[in-house]
Amino acid sequence: MASGRYYAYSQGYDKDPVMGSLRDVQAALGLSVPPSPRTTKSREASKTQGMSTFNVTLTFQHPAWDEREGLLYEGIVAASKTEANRKVRAMAASYGQTYCQGRIYLKATKASV
């Protein structure tokens, strides 16, 4: 709805719809309810222990005119430079940025705080 409330006909169209927040409607439908924001933050904090933040520059063998200095991926959280490079390589491939550009070169540097 335009008011930010959600609804679903969980018992069929001849019954009244369940209305409320997204969490309420998902619970009424029996779907998995996403964790609360507090839980998500604590999970992210535990996942990032021992991790570092890297900035990774992706350069091409045959760059376009506007890609000569490479593409910068900032804020990659990983345990090592190798892992950061792997993540960026996968992200660039999913975005279609590695197509028909020749070889790609990745350089990870530790982000300054």
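This is a predicted model, so every value here is computed, not measured.
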Would you please name every residue forming a side chain to side chain donor-acceptor pair (under 3.5 Å) with Lys110, sequence neighbours left out? Ser52

Rounded at 0.5 Å granularity, tell me how far [atom1] in [X] sits from [atom2] in [Y].
X: Phe54; Y: Leu106; atom1: CZ; atom2: CG; result: 13.5 Å
X: Ser94; Y: Arg89; atom1: OG; atom2: CZ; result: 13.0 Å
X: Asn85; Y: Thr57; atom1: CG; atom2: OG1; result: 9.5 Å

Counting distance only, does the side-chain N/O of Asn55 pair as donor-acceptor with the main-chain N or O of Leu72 below 3.5 Å? no

Considering non-hydrogen atoms only, spot the tightest contact between [X] and [Y] and give its length.
X: Leu58; Y: Phe60; result: CD2-CZ, 3.8 Å
X: Ala84; Y: Ala78; result: N-CB, 3.6 Å
X: Ser21; Y: Tyr6; result: C-CD1, 3.9 Å
X: Gly70; Y: Thr59; result: CA-CG2, 3.8 Å

Between Val77 and Val88, is there a shared hydrophobic cluster once you connect ILVMFWY residues whose side-chain heavy atoms come closer than 4.5 Å? no

Contacts of Lys87 meeting salt bridge (charged side-chain N to carboxylate O under 4.0 Å, His left out) (sequence neighbours excluded), chain-then-number -> Glu83

According to the interplanar angle, ranging from 0 to 90°, do the rings of Tyr13 and Tyr9 count as parallel (below 30°), tilted (30 to 60°) or perpendicular (above 60°)? tilted

Considering only residues two or more places apart or on different chains, which pairs with a residue in residues 61-82 satisfy salt bridge (charged side-chain N to carboxylate O under 4.0 Å, His left out)? none

Between Ile104 and Gln61, is there a side-chain heavy-atom distance shorter than 4.5 Å? no

With side chains defined as the heavy atoms from C-beta onward, is the minimum distance between Arg5 and Val25 less than 4.5 Å? no

